[in-house]
**Student:** 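Okay, here's the structure, questions in a sec.
Order of listing sets the numbers, starting from 1, for every ligand and every atom in it. Note: hydrogens, waters and symmetry copies are ignored here, and every other heavy atom, side chains too, is used.
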Amino acid sequence: MTTERPDHLPPGTHLGDHLKVEGLVRLSEGRMFYLMNDNREDRPTRRCWECGHPDTPREQAECGNCGAPLKDRRFLVSARWDEERFEYYQRFSRLGLKHPGLAPPVEVITHEGQLYSVIQYNGEGLMLDEAAPLSNQRILDLAQRVSGTLAFLHHNGVRLQDLTRANLLIQPDNTVRLFDLEVASVNGSPVNEEQRGHEIAFLGEVLSRYCDVGAGSLCSFLQSVREGEYISPASFGRAVEKRFDAFAAESYPSLASGMSDVGLVRQLNEDNWGWRKMSDRATLYVVADGMGGHDGGEVASRVAVDTICQGATEREQETPMGLDAMESLLDEAFQTANNTVKEEAEQRGSDMGTTLVAMLVLDGRMGFIANVGDSRAYLHRGEELFQVSRDHSLVAKMVERGRITAEEARTHPHSNILLRTVGTERDIDIDIFRVELESGDKVLLCSDGLWGEVEDRDLESLLNTYEDTRIASRELIRAAHHGGGKDNVTLLVVTVE
Ligand code: CA
């Protein structure tokens with residue numbers, strides 16, 4: 001997304017003939033989502049949503065054309081501003097396709113450089129608001145439903161540019177519909193067979209994000225989907241069908257939850273997170289906060305997370321499980337991530353880099369926490385929160401030397417200057433902390449988009465309040481928004497059994 005996000009419409013703003021803004025509900029990369037209703041007191045007439053008849057006098061209870069009762073309706077409206085792509089979406093909406101897995105726009109409005117796609121709102125939720133993980137059963141349901149919908153779109157000549165979790169709308173009954181699609185082309189005939197695998201790789205990417213850290217076999221299956229193993233929705237659908245019962249039968253105690261959010265100001269999410277079950281004894285959790293602007297920070301943080309998960313897993317298989325061995329494994333994985341990001345940066349001629357904070361849990365009891373930069377690890381024990389990692393930032397150094405207070409550091413003009421990052425130097429110094437974990441402990445890994453907006457005592461009280469890690473994750477993101485949402489927010493909450 002190259003163009004700037006426009007200002008959002010304030011509550012009460014009128015749009016089109018009949019809509020009034022209730023409020024902005026969510027932002028994603030390239031989109032703003034609003035709730036709107038059609039209760040426009042300024043209009044002498046009302047529109048009938050049954051037959052489309054536009055002007056029944058306001059005081060009448062029923063449509064002047066079809067006689068249906070006229071009720072207020074609420075709408076979920078997505079706004080986009082990539083004008084060069086508007087035409088594809090308009091052509092798609094004119095097709096008027098109907099399918100149970102599709103939430104088609106009831107209206108498409110273009111206004112001042114933005115395209116507003118309007119769907120009726122019946123209490124649906126956005127996938128963007130869901131923290132990982134989802135149960136295997138739910139991921140598989142989602143896979144089947146979305147692949148069926150993609151097959152329908154292909155049959156009707158519609159290809160998508162991509163598919164992200166922002167395109168998934170969760171119905172009150174937990175089923176999913178696609179909406180607000182990024183349409184690549186609309187043709188009069190079905191999509192060519194060799195072009196039908198494109199969206200499936202994106203779907204694999206979306207679904208992987210929600211895979212439980214313990215769900216090893218489903219995760220590897222989805223990894224192959226991401227890598228383009230399936231050439232069409234139909235072949236993917238068959239593969240899911242074949243594995244459905246086996247995957248759905250596996251269940252895991254959901255001990256960790258993760259979530260990443262673009263925030264309320266930034267247009268790009270340059271944060272990333274990941275988790276990986278390395279073996280029966282060891283699990284790795286990672287949060288990275290990339291920097292380097294468009295196509296830089298996002299790449300750096302993703303490469304770092306992928307490399308460290310991959311590297312640690314490979315090494316784990318050849319390393320004895322001693323505590324020192326675990327520490328050097330983590331250290332080496334960081335070094336590899338550093339080199340990989342640095343090479344990527346050199347190839348792209350970019351100055352990108354990333355922070356990295358990771359926790360390796362051995363036997364559910366020993367936590368090795370490693371960090372570079374200012375993403376943090378906190379330990380929540382009893383009802384108290386302790387910061388485990390130390391920020392490698394200029395302001396943290398100034399606080400250490402007594403030149404400013406911790407409070408002043410939060411708002412200091414140089415609070416974003418990092419003294420160490422991954423991907424910018426040949427060698428990096430890594431801090432590693434050992435924490436003997438106790439039952440009921442929680443560990444929070446997060447980017448500065450969380451701790452910069454929510455003070456430690458509020459993080460503590462949120463973790464005290466929400467026992468369920470998925471709910472805690474959502475509430476923490478919400479708190480970051482409440483604090484201003486000035487930066488991307490990413491977090492992982494890990495509970496110790
Ligand atoms: Ca950040």
Side-chain angles (χ1 to χ4, degrees), residues 1 5 27-29 128 131 258-274 285-306 308 334 337-338 341 344-345 350-359 369-378 387-399 406 409-424 428 431 444-456 458-459 473-474 476-493:
M1 192 58 46
R5 175 189 287 144
L27 294 169
S28 75
E29 293 172 76
L128 285 173
M259 202 166 170
S260 184
D261 183 88
V262 70
L264 302 181
V265 176
R266 300 282 178 89
Q267 290 213 56
L268 279 173
N269 191 350
E270 298 186 285
D271 287 359
N272 263 293
W273 65 272
Y285 303 90
V286 193
V287 165
D289 174 352
M291 55 217 79
H294 186 64
D295 264 5
E298 194 277 328
V299 174
S301 61
R302 183 163 39 79
V303 168
V305 169
D306 288 350
I308 201 164
F334 265 65
N338 184 59
V341 175
E344 184 79 33
S350 150
D351 58 355
M352 69 189 187
T354 184
T355 72
L356 207 48
V357 62
M359 175 169 69
I369 287 169
N371 89 300
V372 172
D374 69 347
S375 292
R376 287 184 181 173
Y378 290 94
Q387 185 181 332
V388 178
S389 60
R390 279 196 306 267
D391 300 345
H392 304 135
S393 66
L394 186 63
V395 290
K397 189 126 270 183
M398 289 162 81
V399 172
R410 297 180 72 85
T411 51
H412 197 279
H414 294 147
S415 62
N416 60 346
I417 297 179
L418 297 182
L419 303 179
R420 290 190 223 169
T421 51
V422 167
T424 41
I428 44 164
D431 290 346
L444 168 66
L445 305 181
C446 63
S447 63
D448 64 338
L450 180 67
W451 64 255
E453 301 288 14
V454 188
E455 295 200 29
D456 288 7
D458 296 323
L459 295 176
S473 294
R474 265 190 352 217
L476 288 164
I477 298 266
R478 204 167 284 172
H481 286 178
H482 199 70
K486 292 182 287 297
D487 198 355
N488 308 142
V489 197
T490 300
L491 60 95
L492 265 168
V493 184

**Student:** Is it the case that D271 and S447 place a side-chain donor and acceptor less than 3.5 Å from each other?
**Tutor:** yes
**Student:** Counting C-beta onward and ignoring hydrogens, is there a side-chain heavy-atom pair between W273 and V305 closer than 4.5 Å?
**Tutor:** no
**Student:** Tell me, please, if D271 has any N/O/S atom, main chain or side chain, under 3.0 Å from the Ca ion (ligand 1)?
**Tutor:** no
**Student:** If you have a sec, read the angle at the Ca ion (ligand 1) from D448 atom OD1 over to D289 atom OD2, to 10 degrees.
**Tutor:** 80°
**Student:** Just so I know, are the side chains of E453 and V489 near enough to count as touching, which here means a heavy-atom distance under 4.5 Å?
**Tutor:** no
**Student:** Just so I know, are the side chains of D289 and N488 near enough to count as touching, which here means a heavy-atom distance under 4.5 Å?
**Tutor:** no
**Student:** What N, O or S atom of D487 is found closest to the Ca ion (ligand 1)?
**Tutor:** OD2
